[in-house]
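Notes follow the structure.
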Amino acid sequence: MKLSAKTATLLVLALLVAVSPFFFPSGYYYRVGALIFVNGIAVTGIVILTGYAGQISLGHAGFAGIGAYACALAPVHLGLHPALAVVLGGAISAVLAFLVGRPILRLKGYYLGVATLGFGILVSMVLNNERELTRGPDGIEVPELGLRGVLKDWGLDLTNGEFWYFFCGLALILGAWLALNLYGSPTGRALRALHGSEVAARTVGVDVARMKLQAFVISAVYASVSGSLLALQNKFITPDVAGFMHSIEMVTMAVLGGVGSVLGAIFGAGILTLLPQVLTVFAEYEQLVLGLVMMVVMIFLREGLLPSILRRLRGTGE
């Protein structure tokens, strides 16, 4: 019995989450694994926006910042449970994406990239300058989620690293499942038609403006959730989460792994999260080696790492 691409992808992710801890040499790697999963959620949103709909955003870290600071501020100022703060951050990001996306998604190419970059920079500036609310560059503490204590009462006693590893892993699997379901839905087919040619998509009845906006809003929610999870597990957050470099990291992870594939983009997130850990042996040349690796991949594996590797393996089998 041949598995569908969606089932195979989800099965691979579930196996990785379940089996990887058996190979961890220390508890520190639970933290690294959780960070990979958080980045994987963010790049899954980039896949929907760029891989499905063919649009680009260089300011998606702004939505991650909104999600992160919602978890820091809403429990204190609104009395919300941190879990509800995640939902609030996602809702705010969705509304902002809708309002901002309507005008800027009329742009194309690098004009669209610059416009989204401006949004991300604006969010970062607000978080840095509104010191009375956000404490500026010094950062702000984030309340405890509290779920680990509930699990302990139920007899499941996990360390902090173990809890966030499995919690973020489950969140990633859920996010991937939603994205893969979208791919095969009528909306997903319309987005892919839009990616191929806006003119052709409009000719067959696709509402191009609405589809672009939907993809932008959905991807913003993914970014917001990733920011919220990052803030909750760190219990502290700074405006860097909404910075320009974080936006570039998101796009780079997706493109490196394969922006047209959910599993490929998550693979890219894993590679770019792990590489800095491995390249520390190069000391001051770490960034140079990292840049060289990325250049080689972009030149020789243009579809991204995972799709290119799988294609060559299938070619070898034939």
Side-chain angles (χ1 to χ4, degrees), residues 35 38-39 41-50 53-74 88-140 142 212-213 215-231 234 236-256 259 265 269 272-273 276 287 290-291 294:
L35 185 58
V38 167
N39 289 333
I41 293 169
V43 299
T44 300
I46 297 294
V47 169
I48 294 172
L49 180 65
T50 305
Q55 309 303 304
I56 189 168
S57 173
L58 297 179
H60 252 48
F63 297 115
I66 291 169
Y69 275 82
C71 289
L73 300 175
L88 177 63
I92 294 173
S93 295
V95 172
L96 279 177
F98 180 81
L99 295 176
V100 171
R102 286 179 69 88
I104 68 174
L105 288 173
R106 299 178 185 274
L107 303 173
K108 297 181 180 180
Y110 54 82
Y111 294 106
L112 175 59
V114 171
T116 54
L117 171 61
F119 168 76
I121 291 175
L122 180 62
V123 172
S124 180
M125 289 176 61
V126 170
L127 296 178
N128 272 292
N129 295 329
E130 293 296 323
R131 291 176 177 269
E132 292 186 4
L133 185 63
T134 67
R135 298 183 187 173
D138 294 334
I140 188 170
V142 180
K212 283 183 179 181
L213 192 57
F216 191 66
V217 170
I218 293 170
S219 64
V221 173
Y222 271 84
S224 177
V225 171
S226 75
S228 294
L229 292 178
L230 181 64
N234 287 343
F236 188 83
I237 203 70
T238 68
D240 289 343
V241 70
F244 169 66
M245 288 309 299
H246 191 197
S247 291
I248 297 302
E249 285 173 0
M250 289 183 188
V251 176
T252 304
M253 286 173 180
V255 173
L256 182 69
V259 73
L272 276 191
T273 305
Q287 294 299 320
L290 180 59
M294 292 170 57

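We use all heavy atoms of the structure for the numbers below, so side chains are in, but hydrogens, waters and symmetry mates are not. Keep in mind it's a predicted model, so treat the numbers as computed, not measured.
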Taking distance alone, no hydrogens or angles, what donor-acceptor pairs closer than 3.5 Å link side-chain atoms of residues 89-106 to residues at least two apart or in another chain?
from: Ser93; atom 1: OG; to: Gly89; atom 2: O; distance (Å): 3.0
from: Ser93; atom 1: OG; to: Ser224; atom 2: OG; distance (Å): 3.3

Separation between [atom1] of [X] and [atom2] of [Y], rounded to the nearest 0.5 Å:
X	Y	atom1	atom2	result
Ile41	Met250	CD1	CE	11.0 Å
Ser57	Leu112	OG	CG	7.5 Å
Thr134	Ile237	OG1	CD1	12.0 Å
Leu272	Met253	CG	CE	5.5 Å
Met125	Glu130	CE	CD	10.5 Å
Leu73	Ile66	CG	CD1	12.0 Å

What pair of heavy atoms forms the shortest contact from [X] to [Y], and how long is it?
X	Y	result
Leu58	Phe244	O-CD1, 4.5 Å
Thr273	Asn39	OG1-ND2, 3.0 Å
His60	Ile46	CD2-CD1, 4.0 Å
Ala68	Val241	CB-CG1, 4.1 Å
Pro137	Pro239	CA-CD, 4.0 Å
Ala72	Val142	CB-CG2, 3.9 Å

**Prompt:** Does the Ser124 side chain pair with the main chain of Ile121, one donor and one acceptor, at a distance under 3.5 Å?
**Reply:** no

**Prompt:** Are the side chain of Ser219 and the backbone N or O of Ile48 linked by a donor-acceptor pair below 3.5 Å?
**Reply:** no

**Prompt:** Does Phe63 reach the side chain of Phe119, with side-chain heavy atoms less than 4.5 Å apart?
**Reply:**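 Answer yes - side chains close enough.
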
**Message:** Under the criterion side-chain contact (heavy atoms from CB on, under 4.5 Å), I'd like the reasoning laid out for Leu230 against Leu35: C-alpha separation, chi angles, the key distance, then a yes or no.
**Reply:** CA-CA 7 Å; Leu230 181 64; Leu35 185 58; 3.9 Å; yes

**Asked** Can you check side-chain contact (heavy atoms from CB on, under 4.5 Å) on Tyr222 and Leu49, steps first, answer last?
**Response** CA-CA 11 Å; Tyr222 271 84; Leu49 180 65; over 6 Å; no

**Request:** Only pairs at least two apart or in different chains count here, so list each side-chain hydrogen bond (donor to acceptor under 3.5 Å, both in side chains) that has a residue in residues 243-252.
**Result:**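 Output for this query is empty, none listed.
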
